[in-house]
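The model shown is predicted, which means the values in this text are computed figures rather than measured ones. To find a chain, count down the sequence lines: A is the first, B the second, and so on, and within it residues start at 1.
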2 protein chains.
Amino acid sequence: MDYESNNENDDAVTIHDVAATARVSPSTVSRVLNGHATVNPVLAARVRDAARTLGYRPNAVARSLRRKVAAVWALVISDIQNPFFTSLVRGVEDVANAQGCSVVLCNSDEDLKKERRYMEVAVAERMSGVILSAASSTDSDIGVLRRASIPVVAIDRRILADNVDTVLVDNRAGAQMAVAELLGQGRTRIACITGPRRVSSAVERLEGYRNGLKSAGAALDDQLVQMADFKRKGGYQATVALMALDEPPDAIFVANNLMTIGALEALWDMGIDSPATVAVLGFDDLPWAAVTSGSVASVAQPTYELGRLAATMLVERRTTPNMAPRTVVLQPSLARHPGARRAEQ
Amino acid sequence: MDYESNNENDDAVTIHDVAATARVSPSTVSRVLNGHATVNPVLAARVRDAARTLGYRPNAVARSLRRKVAAVWALVISDIQNPFFTSLVRGVEDVANAQGCSVVLCNSDEDLKKERRYMEVAVAERMSGVILSAASSTDSDIGVLRRASIPVVAIDRRILADNVDTVLVDNRAGAQMAVAELLGQGRTRIACITGPRRVSSAVERLEGYRNGLKSAGAALDDQLVQMADFKRKGGYQATVALMALDEPPDAIFVANNLMTIGALEALWDMGIDSPATVAVLGFDDLPWAAVTSGSVASVAQPTYELGRLAATMLVERRTTPNMAPRTVVLQPSLARHPGARRAEQ
DNA sequence: TTGTAAGCGTTATCAC
DNA sequence: GTGATAACGCTTACAA
């Protein structure tokens, strides 16, 4: 049996083939297919017929070369496993597709090297825009993109660069909500596990935590603040450290979802009852929160809207390149999950 | 302030500029940069110097046009939120990068239309390969890719097409393990919540469940089998339906991770103790399993290896196009998670 | 309105 | 070993 027999025709159909079949010039085919100019309806019909019968598929590579820019955006995200990103991606794609653009997803995995590699690919492939959730607010460098005049929108995390359009959530407000909620439950020693100093959202969530305590007249205790890595293990270790204090906390505000899993795991491994002894309140959406043994609330973000807005700003930046850069901040909200031990029982 | 001032030079440096600076021909520059032929070391050094000082970045679009194929693979996955895929992606990327290729991630979201759109993009962009976790084993159509002679490897799920390289896990064996484990715990009425009939893994996991019961001499009861949609809500509803039976199950084998969350949620909403009254055993890795109120085991898959293998098969298919298609089946294993109520306490 | 022709940046073929 | 030249498939001045 010949496995090549499936290939009807290894040389792809080009615009010239369509032109020949439709008895018009290649430029006319191009005009019909792109709708850029008015074409005699009779010829247009012949072109469309020919394209269909020949199974013509435009070569996006040739088009990109000629146009000097590809109809492709990169969406570089720091942690694909965070459910936070799933609907964010949809928000971006919906806008991109409406513009006739494709989105390529890139998972930098909080790794600056990977992130840089993806930016280089974006340049090499002449992509028309990049939406970036930076691995590091201080060290991520968009210079490569700038030099290639590729528009960038920062999402979820700030980047240390002038003139970057940015879409964020109000991390301070979210953290303050979290603290207020815990205080309202009567908690008096509230700890905070946040992410690395290089990530703006981690820093801002910590600030919000401190502001929340201060504005309630509660004391700040630096022993109750742990900096971890936004990953599960980091949350686990930070929790162990907190509970080893002479005066351990009765509540923990955890600044992202993976670390929240780690924190809960640590508490249970130590045989500590949550939420009775120690309440846990996370950040980001926690799809599994309803099946945990204790009640877990979290600060939820408008993720789809975040993606949609970033994408819209990218489009606007392309159409109006000299417009002053904007930063948009969206408000988070508090999501309560009853957990396995429901209040009413 | 002028926001254009960042653009050092809007016309990118080309191979001709490098050639001029290095006082050689463009072909020599190309040869140096690609290492395809032997070049006088002196000239080669001049070329590399020129490229560095000018900040030359090859135009991947032009290269792809000339070579008639882009150094890019598409990885089309059915559900990006499934943690299953995160390490699978790494496995694919590691092999691709070693080949000098980039991977673009595409989330079909179990949607045939989206999936088809991504395949069309792969064709338009002349990508050199596609790894596909099909939205439907029966209805996903790779004809577009075949006509464009783009190599395909099916991963995780079979596709109804001849001559496709495929990498799978042994779903039947995994499901049988699951049933054996539950029987070993003394469970006597074991239910199964599986996915849609159009997805091969759902069908095979159901078969494994049945075989597992049969080979243990246990009775089969079709009332105990629910077909859902591989999503959380489907798992929830299926569980409610199962528990409404005259003789409800004392264990449920759930064929994927999102439905496992739904199942646990339903049990707790109904006030049913798990695992005491009803044990739950899932499929796929469950990162949050350790923080659930009850013990949850699951059938774990060698995800990185799955991705690495699929990528390797793609490379081999490209180098040896006429080789007979292969199907590789990897073995899953059983992962036990103590859950919040640890056995030893 | 339609066709002709040039050119996007690269690489492969062919002489030298 | 190196350089000139053509070609990949498309879009877009410009000419008709």
- Query: Going from OH on A/Y56 to CG on A/L33, what distance comes out if it is rounded to the nearest 0.5 angstrom?
  - Reply: 6.0 Å

- Query: C/dT11 C1' sits how many Å from B/R63 CZ, rounded?
  - Reply: 9 Å

- Query: Will you find, in the side chains of B/S78 and B/S133, an N or O donor that is under 3.5 Å from an N or O acceptor?
  - Reply: yes

- So how far is it from A/S140 OG to A/R116 CZ, rounded to the nearest 0.5 Å? 10.0 Å

- Task: Specify the separation, in whole Å, of atom CZ of A/R23 and atom P of C/dG3.
- Result: 11 Å

- Query: Which value, rounded to the nearest 0.5 Å, describes the distance between B/T138 atom OG1 and B/L112 atom CG?
  - Reply: 8.0 Å

- Task: Quickly work out the B/L65 CG to D/dT11 C1' distance and round it to whole Å.
- Result: 13 Å

- Message: Can you list, in residue-number order, the parts of residues 51-61 of chain A that come under 4.0 Å of DNA chain D, counting heavy atoms only?
- Response: A/Y56, A/P58, A/N59

- Examine the side chains of A/N163 and A/R146 and answer whether a donor and an acceptor come within less than 3.5 Å of each other. no

What donor-acceptor contacts under 3.5 angstrom involve side-chain atoms of residues 20-27 of chain A, with partners at least two apart or in another chain?
from: A/T21; atom 1: OG1; to: A/D17; atom 2: O; distance (Å): 2.9
from: A/S25; atom 1: OG; to: A/S27; atom 2: N; distance (Å): 3.4
from: A/S25; atom 1: OG; to: A/S27; atom 2: OG; distance (Å): 2.9
from: A/S25; atom 1: OG; to: A/T28; atom 2: N; distance (Å): 3.4
from: A/S25; atom 1: OG; to: A/T28; atom 2: OG1; distance (Å): 3.3

- Under 3.5 Å, is there a donor-acceptor pair linking the side chains of A/D94 and A/Y304? yes

Between the protein and nucleotides 4-6 of chain D, list the N/O to N/O atom pairs that are separated by less than 3.5 angstrom.
from: D/dA4; atom 1: N7; to: B/S27; atom 2: OG; distance (Å): 3.4
from: D/dA4; atom 1: N6; to: B/S27; atom 2: OG; distance (Å): 3.0

- Quick one: A/L33 CG to D/dG9 P, roughly how many Å, whole number? 16 Å

- When rounded to whole Å, the CZ to C1' distance for the pair B/R67 and D/dG9 reads 17 Å

- Task: Measure from CD1 on A/I15 to C1' on C/dA5 and round the result to the nearest Å.
- Result: 15 Å

- Nearest of C/dT11, D/dT12, D/dG9 to any side-chain atom of B/K68? D/dG9

- Item | A/D165 side-chain N/O to A/R326 backbone N/O, donor-acceptor pair under 3.5 Å | yes

- Note on the structure: B/H36 atom NE2 is separated from C/dT11 atom P, nearest whole Å, by 7 Å

